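Report on the following structure.
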Amino acid sequence: MTAAAPEPKANMGKPVPRYDAAAKVTGRATYGSDMPLDNPAYAFLVTSAIAKGRINSFDLDDAKRVRGVIDIVTHENAPNLNESKLFSNGGYAGTTIQPLKSTDIAHDGQIIAVVIAESYEAAREAANRVKVSYTAATPSASFDSPGTTEAAAKGQNAQFKEDPKVGDFAKAFDEAEVKVDASYETPTQHHNPMELFSTSCAWMGDTLVIYEPSQYVHGLKNGVAEQLGIDADKVRVVNPYVGGGFGSRGSTTPRTAVIAGIARRLNRPIKLVPTRDQGFTIATYRAETRHEVKLGASRDGKLVALRHEGAEVSSRADPYCVGGTKTTTRLYACPNVDSLVSIVRADRNTPGFMRSPPEVPYLFALESAMDELAVKLNMDPIELRRINDTTNEPIGGKPYTSRSLMACFDEAAKAFGWAQRSAAPKSMSDGDWLIGYGCAATCYPTQMAPSAARVRLQRDGRTRVEIAGHEIGTGAYTILAQTAAERLGVPLEKVAVFIGDSDLPPGPVAGGSNSTASTCSAVMMVCDQVRQRLFKALMPNESLTDKAKETVGMGQTPSTQAAKGDRPIDLEKAFDALGVGVVEEYGEWKPEGAPQDSFKAMHSGHPRLVGGAAMKDKIAYAFGAEFVEVRINRFTHEIRAPRLVGAFAAGRIMNPRTARSQLMGGLIWGMSSALLEATEIDARTARYVNDNFADYLIPVNADVPGVEVILLSEQDDHINPAGAKGLGELANVGTNAAICNAIYHATGQRIRKLPVRLENIEV
Amino acid sequence: MRPFSYQRATDPDMAVQALSAAAAANKPLTQASAQPLAGGTTLIDLMKLDVMRPAAIVDINPLAQGWSEISPGRENLRLGALAKMSDVAAHDEIQRNYPVIANSLKLAASAQLRNMATLGGNVMQRTRCSYFRDVSYENCNKRNPGSGCAAMDGINRMHAVLGISDQCIATYPGDFAQALIALDATVEVTGKSGTRSMPFAELHKAPGNTPEIETTLQPGELISAFLISGRWPRSVYLKARDRQSYEFALSSTAVALDVQDGTIRDARVALGGVATVPWRAREAEAQLKGQKFDDGLAQRAADAAFAEAKGRQHNSFKIALGKRVVARALQQAVMMEI
Ligand SMILES: Cc1cc2nc3c(=O)[nH]c(=O)nc-3n(C[C@H](O)[C@H](O)[C@H](O)COP(=O)(O)OP(=O)(O)OC[C@H]3O[C@@H](n4cnc5c(N)ncnc54)[C@H](O)[C@@H]3O)c2cc1C
Ligand code: SF4
């Protein structure tokens, strides 16, 4: 075993190499814009240079003279499209701001024209030559800008149902022996997945094929069909590989229906590859947030009062919010809790999901405040968490299905060498560098969604798994192949997996870290259907359901002798008995507590995620603990994080290799978010200024010399048949606070606003 | 990007011819319709962004045979304009006798860029001001003379505090140029009437009222080499930046000292990341010369270097930072074992 392929512990699958590793490193993996098209035309977007106002006129003469230009589409001649409803209000779209409808401009970088040409180069050149005359109005850029409006999230966003509260916060806080009352701030961030926001649309008669990086092919298919006013079955979305998503591709963006509409009119496939900077405004982003956290505790460290108030920026048009109080009000035992989330509307594009949307900003606030409380109590921050650890969440008293938070703290502390920390701030250094150690809890809700799957088993053991899941780099192919191989008892090499195609049985959105739990549970169920048919052939007289029950979960040791006797079944004999060469089964799986309309919704591209804090009589989260060493140069104040250590428990780990890779990426992302990433907004114009990879900083290898991931063994039989908790969004949650806590330890300075830059350090 | 013609210049005359032929009166070099192409890591970038729109590209890479020497002699050092950043940074004798040069190059950009990029192109690289690099912003005096300056009251964290004017506060972003200006380098220019030499310090022009004019080179002129006299083993390049690699300086300094018997005989201090042009801090040097070194002296020199600095909304921190960087680099240079 190597660092990349950790030795599996109890309730972990094998760290088999990635199913698609060779295809990816040899460039054979085909992404959306790699898909061959028959005689395509190329599109290039023109986006607005103002954030608010209207277009007076276009001067297209110069652009039209470029050789190879076919058409320039503006609001005057754009295809007619239906409105789209916001994803968080029951629709498919990440924004309801539909461009090319009128002269109005609602945000910076809104699509205002699409140039179509015979080549990409001609389209780009012509786009550069489009001249636009605007009447600009003064936009409101963000918090503090004149002209914004603010209102409670509850009542405007259907997904934000409740401001959790319990007990009497005001009284308890008033009487608390020790108090923390602090404000925190997180910046605007953009996902910047490596693959650009491309889209290719090709019509074959009245059928549309879309090649586009999407985290939800069924959502995109239905959303675009709705906008085009055609039957959803006339649309197919294909994307066998997605070059990163991070939430940016879970809902539809306006570009797709626009390109599809133009392609239909032109009767020719169209390929659009927008630029990196256009990606900042034609898709979503993580909006800036503000928090006020009040903690009251007794002298011995027990929380008696907790209040978390959050404010988030959204667009004028859409009430998007992440509302992380559902997590922060439930993480620790506390009898008196209060919370409030509000939305501030500005002249911006609509924000959206970005890796751990609620937890990243809200836990930064809470876990920073917990560290501040530990300092006030003169207590080790790990002990403060231990004192307030709980088996039941405090709002509704529901039990956590499993919770290994303190085990994670203990393991990570040991690996990190926390015991070597001298507790006083500014007490550790090495030459020019001040050293700080910091830690924080991390958590992420365990979510599941309905999913279908089709499994086909041949007499020679060759297996085909089909499910419209998504390979966004997480390892979906690999674990689906593992799941089927283990469940059917066939060699891994014999399993072929087909995902990323809306013609396959519908899978869930690759969001909310639900994919592994949902798709593996569905595949397990359908594999069992296949097994049952084979059992039936071999043992026609035995009770099928009993037999099926005895077939145990993947990787678990068979619990009864009877079950042991069942596997491996003699495939050839079974097929002979059945008298066929292939057994194929289709099935639809839904998690416990899924709503009545789940399967109907699944087919129409509406994921019905359940889990986390929203379950009926339990609550399910994955947990972890993150430790960071920061070094701050006494002279330059440069901040570096040479060591990141995280320990995580997330139920069954399907594959320690892909799990580690996700968690490692999460830790690095968390570090990046704390120290580097921020989209700068020009307050006067409400425009993004550093909208490129030279100016929007993300870490380079030299910034992350040491990242250690520890996977804890955890078994949870109360979540889903696969026993898995999502972990893709687990690791980048705690890092922000862990880094600021470490900076406090290094310098004695508490920083409550991200990202932390060298100019914020005063030593 | 817009269509352009491409021509390979197989000898210097041909390059100069091709570049001068396209030169039009009244156009600054930055807007000349023909541009030389070296590594292309600045030029092609700016063409893709539609910031530079040359009609003709003259590829000077075939001149590398004559123009890429790295020849440290006894008395002086000659560096060809087409030498690659990575080759110079890795050169033994440069590392030993001119650490400030080797490190200014090694700490710049990324390994891939250093393998492509040339010394001539490096000193001619253009500002990273975001408003300059995004043509959707009308107001940029450098790109669009007379249109105003969006950075002045915009996002200006990366911008300059020295050498600024009310027309432009864009930072000169390069690292290597600070080493050259500190070491009193000479630049050799090849043009229509053969070669001429001038102090490197005269190559760049502060923005003043004409931020679009960045250098004193004329269309049709090429940098062919850099010359440095003497050796500077006691020299340091210190660079403060947001990440550990692959990032421009927030503040940097090139320091070279000649210390004998504890007394500073000669001192050279240049500043990067904080000024509109490669910046020689002569006021700091004056503080140091003839003095015995101590931390107080380093502080006084650093203060002198930034005496004239003026910050704006987001970049004022560079003044205090720059002083600490200079003081620390002086300490490091003094402590060097040579
Ligand atoms: C992401 C990124 C990060 C970077 N980070 C740094 C950094 O940290 N520090 C740093 O110093 N630099 C940095 N750079 C800049 C990089 O070093 C320069 O782009 C490079 O040195 C330019 O050299 P080149 O040969 O590629 O020039 P080109 O792009 O070929 O030319 C640049 C300009 O100079 C002109 N030119 C080229 N050769 C000559 C000549 N001989 N005579 C006259 N004119 C000439 C060209 O016409 C052009 O206008 C970075 C660049 C990028 C893209
Ligand atoms: S600082 Fe200079 S380059 Fe930047 S916007 Fe102002 S004028 Fe243009």
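Just so you know, these numbers come straight off a predicted model, no measurement behind them. A, B, ... follow the sequence lines: proteins, then strands. Residue 1 opens every chain.
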Indicate whether the side chain of A:D682 and that of B:Y137 have a donor and an acceptor atom separated by less than 3.5 Å. no
Could you please spell out the steps behind the side-chain hydrogen bond (donor to acceptor under 3.5 Å, both in side chains) verdict for A:R687 and B:S136? CA-CA 11 Å; A:R687 301 193 62 195; B:S136 72; 2.7 Å; yes
Look up atom CG in A:N701 and atom OG in B:S245, then write down how far apart they are to the nearest 0.5 Å. 9.0 Å
By a 4.5 Å heavy-atom criterion (distance strictly below it), what part of A:D703 contacts chain B: side chain, backbone, both, or neither? both
Could you work out, with ring pair (Phe, Tyr, Trp, His ring centres under 6.0 Å) as the rule, every residue matching A:W669, not counting sequence neighbours? A:F246
What I want to check is whether the side chains of B:S130 and A:D695 have a donor and an acceptor closer together than 3.5 Å. yes
Output the residues of residues 322-331 of chain B for which the shortest heavy-atom distance to chain A is under 4.5 Å, in residue-number order; output 'none' if no such residue exists. B:R324, B:V325, B:R328, B:Q331
Run the side-chain contact (heavy atoms from CB on, under 4.5 Å) test on A:D691 and B:D134 for me, step by step, so that the C-alpha distance in whole Å, both residues' side-chain angles and the decisive distance to 0.1 Å come before the verdict. CA-CA 9 Å; A:D691 52 359; B:D134 184 341; 4.2 Å; yes
Between B:R157 and A:E759, is there a side-chain N and carboxylate O pair less than 4.0 Å apart? yes
Please check if the side chain of A:R684 supplies one atom and the backbone of B:A150 the other of a donor-acceptor pair under 3.5 Å. yes
For A:F44, is it the side chain, the backbone, both, or neither that has a heavy atom closer than 4.5 Å to a heavy atom of chain B? neither
Is there a side-chain contact between A:R757 and B:D242, using heavy atoms and a 4.5 Å cut-off? yes
Is there a donor-acceptor pair closer than 3.5 Å between any side-chain N or O of B:R243 and the backbone N or O of A:A702? no
Taking all heavy atoms of A:A694 and all of B:R128, pick out the closest pair and write down the distance. CB-NH2, 3.3 Å
Test A:H637 against B:L321 for side-chain contact (heavy atoms from CB on, under 4.5 Å), laying out the working first. CA-CA 8 Å; A:H637 297 184; B:L321 170 64; 5.6 Å; no
The interface call for A:I50 against chain B, heavy-atom contacts under 4.5 Å, is neither
Check whether more than 12 heavy atoms from other residues, nucleotides or ligands sit under 6.0 Å from atom CE of B:M336, and answer yes or no. yes
Answer with side chain, backbone, both or neither: which region of A:L697 has an atom nearer than 4.5 Å to a non-hydrogen atom of chain B? both
Given side-chain contact (heavy atoms from CB on, under 4.5 Å), test A:E125 with B:M1 step by step and report yes or no. CA-CA 6 Å; A:E125 186 195 350; B:M1 209 177 223; over 6 Å; no
Between the CG atom in B:L49 and the CG atom in A:D277, the distance rounded to the nearest 0.5 Å is 8.0 Å
Which pair of non-hydrogen atoms, one from A:L758 and one from B:L250, has the smallest distance, and what is that distance? CD2-CD1, 3.5 Å
For the interface with chain A, which of B:S110, B:A240, B:S316, B:S251 has the highest count of heavy-atom pairs at distances below 4.5 Å? B:A240
Which value, rounded to the nearest 0.5 Å, describes the distance between B:D45 atom CG and A:N692 atom CG? 9.0 Å
Report yes or no: does A:E638 contribute a side-chain atom to a donor-acceptor pair with the main-chain N or O of B:R241 at less than 3.5 Å? yes
Not counting sequence neighbours, list each pair that qualifies as a salt bridge (charged side-chain N to carboxylate O under 4.0 Å, His left out) and has a residue in residues 137-148 of chain B. B:K142-B:E214
Could you check whether atom NZ of B:K48 has more than 12 heavy atoms from other residues, nucleotides or ligands sitting under 6.0 Å from it? no
Residue list, salt bridge (charged side-chain N to carboxylate O under 4.0 Å, His left out) with B:R53, at least two apart or on another chain: B:D50
May I ask you to check whether over 12 heavy atoms, not counting those of B:K106, lie within 6.0 Å of atom NZ? no
Given heavy-atom pairs under 4.5 angstrom as the criterion, report whether the side chain, backbone, both or neither of A:D432 touches chain B. side chain
Please state whether the side chain, the backbone, both or neither of A:A126 comes within less than 4.5 Å of a heavy atom of chain B. neither
